[in-house]
Amino acid sequence: MPENQEISLVSVQGHKLEFKRIGTGRAGPTLVFLHEGLGSVSMWRDFPEKAAQATGCDALVYSRYGHGCSDVLREPRGVDYMHVEALRVLPELLERLGAGEPVLVGHSDGASIALIYAGTQDDVKGLVLMAPHVFVEDISVKSIAEARTAFETTDLPQKLGRHHADAVETFRGWNDIWLHPDFRRWNIEEYLPRVRCPLLAIQGFDDEYGSMAQLEAIARQAGGPVELLRLADCRHSPHRDQPAVVLEAITRFVARLDSGA
């Protein structure tokens with residue numbers, strides 16, 4: 001269970017979800033943070049606060065069902081779990097919490113969820129996508145299989161337990177479905193032409209879960225303006241590996257959205 005954390009909860013789609021608001025007192029869009037496959041509110045650390053301060057935007061951070069201090073996962077995830085989040089959960093969450101015309105800031109699974117949402121909704125001001133997936137690669141499956149071995153043989157469960165109410169269920173909910181044979185056919189490229197808002201896509205050259213083919217597919221098929229940021233000395237978490245560069249890029253991107261440029 002995450003320690004020293006004040007928890008706010010909202011009921012969405014029959015589950016209690018943990019969330020945190022970050023206020024700046026200034027006008028502008030709301031940054032909505034969508035975490036990675038093993039992420040949570042606390043695993044973002046102070047990055048949302050820094051992004052809110054740098055951009056002058058309010059921010060909303062939440063843990064998906066089965067993550068953080070949200071309700072513990074009680075059933076296996078389906079191949080469509082990111083679609084369920086984007087098409088059912090996120091619209092209701094944003095409405096309940098009053099976050100209209102958001103800038104969605106997604107990492108990994110969260111970036112994929114952001115793309116699906118933006119491909120079906122017209123209220124998105126912009127997208128920041130860090131290490132997004134639009135299809136499954138061999139490198140993804142290989143690293144996720146290695147993560148299972150690490151979970152079974154190292155102190156990874158204890159480390160995840162600092163951020164999740166039930167680290168075992170959180171890990172299995174993510175790991176089992178990504179390694180299921182049916183998941184190899186998962187693909188969200190059909191949504192890209194319908195994403196018409198500006199987007200900033202960020203990928204590390206050393207990302208162990210995906211290649212630059214993900215960014216290239218987004219740039220080739222997205223229906224709106226696309227900015228790509230490829231980072232050296234960066235693995236799967238650009239906001240942790242290259243925080244200053246990523247914050248600067250997000251700040252410039254949001255400033256252009258505000259100016260209409």
Side-chain angles (χ1 to χ4, degrees), residues 8-15 17-36 39 41 44 47-48 51-52 54-65 70 80-130 132-134 188-202 218-219 221-228 249-261:
S8 298
L9 297 173
V10 60
S11 181
V12 179
Q13 293 287 306
H15 300 292
L17 304 183
E18 165 196 25
F19 73 94
K20 179 171 69 172
R21 294 183 187 272
I22 302 164
T24 64
R26 288 173 276 184
T30 299
L31 307 179
V32 178
F33 287 82
L34 308 175
H35 61 71
E36 62 177 304
V41 168
W44 283 106
F47 185 76
T55 61
C57 295
D58 290 349
L60 172 65
V61 194
Y62 80 102
S63 297
R64 296 193 291 275
Y65 168 49
S70 296
D80 64 345
Y81 77 97
M82 285 183 265
H83 291 75
V84 170
E85 189 71 24
L87 303 177
R88 300 179 192 172
V89 177
L90 189 54
E92 182 177 334
L93 177 87
L94 296 177
E95 181 178 3
R96 284 183 177 271
L97 298 181
E101 296 191 337
V103 174
L104 301 180
V105 182
H107 176 213
S108 191
D109 281 15
S112 304
I113 291 164
L115 280 168
I116 298 169
Y117 181 90
T120 57
Q121 304 285 337
D122 296 325
D123 64 344
V124 183
K125 185 86 169 176
L127 297 178
V128 177
L129 311 172
M130 296 185 288
H133 302 287
V134 295
I188 61 169
E189 290 176 282
E190 66 181 290
Y191 292 94
L192 296 178
R194 290 177 263 164
V195 177
R196 296 184 174 87
C197 65
L199 70 85
L200 166 64
I202 305 170
I218 292 169
Q221 299 176 70
V226 176
E227 177 183 351
L228 302 182
I250 293 174
T251 302
R252 290 197 311 266
F253 177 73
V254 172
R256 288 195 296 273
L257 293 178
D258 283 344
S259 67

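Each residue takes its place number in the sequence, starting with 1.
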Residues that Tyr117 engages under ring-ring contact (aromatic ring centres under 6.0 Å, His included), provided they are two or more places apart: none
Shortest non-hydrogen contact from Ile202 toward Val128: CD1-CG1, 4.3 Å
With sequence neighbours excluded, residues passing side-chain hydrogen bond (donor to acceptor under 3.5 Å, both in side chains) with Asp80: none
Rounded distance (nearest 0.5 Å) linking atom OG of Ser11 with atom CG of Leu93: 11.0 Å
Residues in ring-ring contact (aromatic ring centres under 6.0 Å, His included) contact with His35, at least two apart in sequence or another chain: His67
Contact summary for Pro91 and Ala86, nearest pair of heavy atoms: CD-O, 3.3 Å
Point-to-point distance, once rounded to the nearest 0.5 Å, from CD of Glu36 to CZ of Arg64: 9.0 Å
Residues forming a side chain to side chain contact (heavy atoms under 4.5 Å, CB included) with Ala59, sequence neighbours excluded: Ile22, Leu31, Phe33, Ala52
Least distance between heavy atoms, Ile188 atom then Ser112 atom: CD1-O, 3.7 Å
Ile218 side, atom CD1; Leu199 side, atom CG - distance, nearest 0.5 Å: 7.0 Å
Test side-chain hydrogen bond (donor to acceptor under 3.5 Å, both in side chains) applied to Arg21 - qualifying residues, sequence neighbours left out: none
Test side chain to side chain contact (heavy atoms under 4.5 Å, CB included) applied to Ser70 - qualifying residues, sequence neighbours left out: Leu17, Glu18, Ser63
Residue pair Leu127 / Cys197: nearest heavy atoms and the distance that separates them: CG-SG, 3.8 Å
Rounded distance [0.5 Å steps], CD in Glu190 versus CG in Leu115: 12.0 Å
Within-4.5 Å side-chain heavy-atom neighbours: Pro29 and Leu257: no
Residue pairs passing the salt bridge (Lys or Arg N to Asp or Glu O under 4.0 Å) test where at least one lies in residues 119-128, sequence neighbours excluded: none
Distance (rounded to the nearest 0.5 Å) between His83 NE2 and Ile113 CD1: 10.5 Å
Worked check of side-chain contact (heavy atoms from CB on, under 4.5 Å) between Val254 and Cys57: CA-CA 9 Å; Val254 172; Cys57 295; 3.7 Å; yes
Leu97 side, atom CG; Thr30 side, atom OG1 - distance, nearest 0.5 Å: 10.0 Å
Candidate pair Ile116 and Leu90, rule side-chain contact (heavy atoms from CB on, under 4.5 Å), full reasoning: CA-CA 11 Å; Ile116 298 169; Leu90 189 54; over 6 Å; no
Residues in side-chain hydrogen bond (donor to acceptor under 3.5 Å, both in side chains) contact with Arg88, at least two apart in sequence or another chain: none
Listed partners of Gln221 passing side-chain hydrogen bond (donor to acceptor under 3.5 Å, both in side chains), at least two apart: Glu189
Qualifying salt bridge (Lys or Arg N to Asp or Glu O under 4.0 Å) pairs, either residue in residues 89-115, two or more places apart: Glu92-Arg96
Minimum heavy-atom distance Ala99-Leu60, with the two atoms named: CB-CD2, 4.2 Å
Check: Val84 and Tyr65 side chains under 4.5 Å, non-hydrogen atoms: no
With His133 via ring-ring contact (aromatic ring centres under 6.0 Å, His included) - residues at least two apart: Trp178, His236
Closest heavy-atom pair and its distance - Pro48, Val61: CB-CG2, 3.7 Å
Tyr81: partners by ring-ring contact (aromatic ring centres under 6.0 Å, His included), with sequence neighbours left out: none
Six-ring centre of Phe253, Arg256 cation under 6.0 angstrom, axis tolerance 45°: no
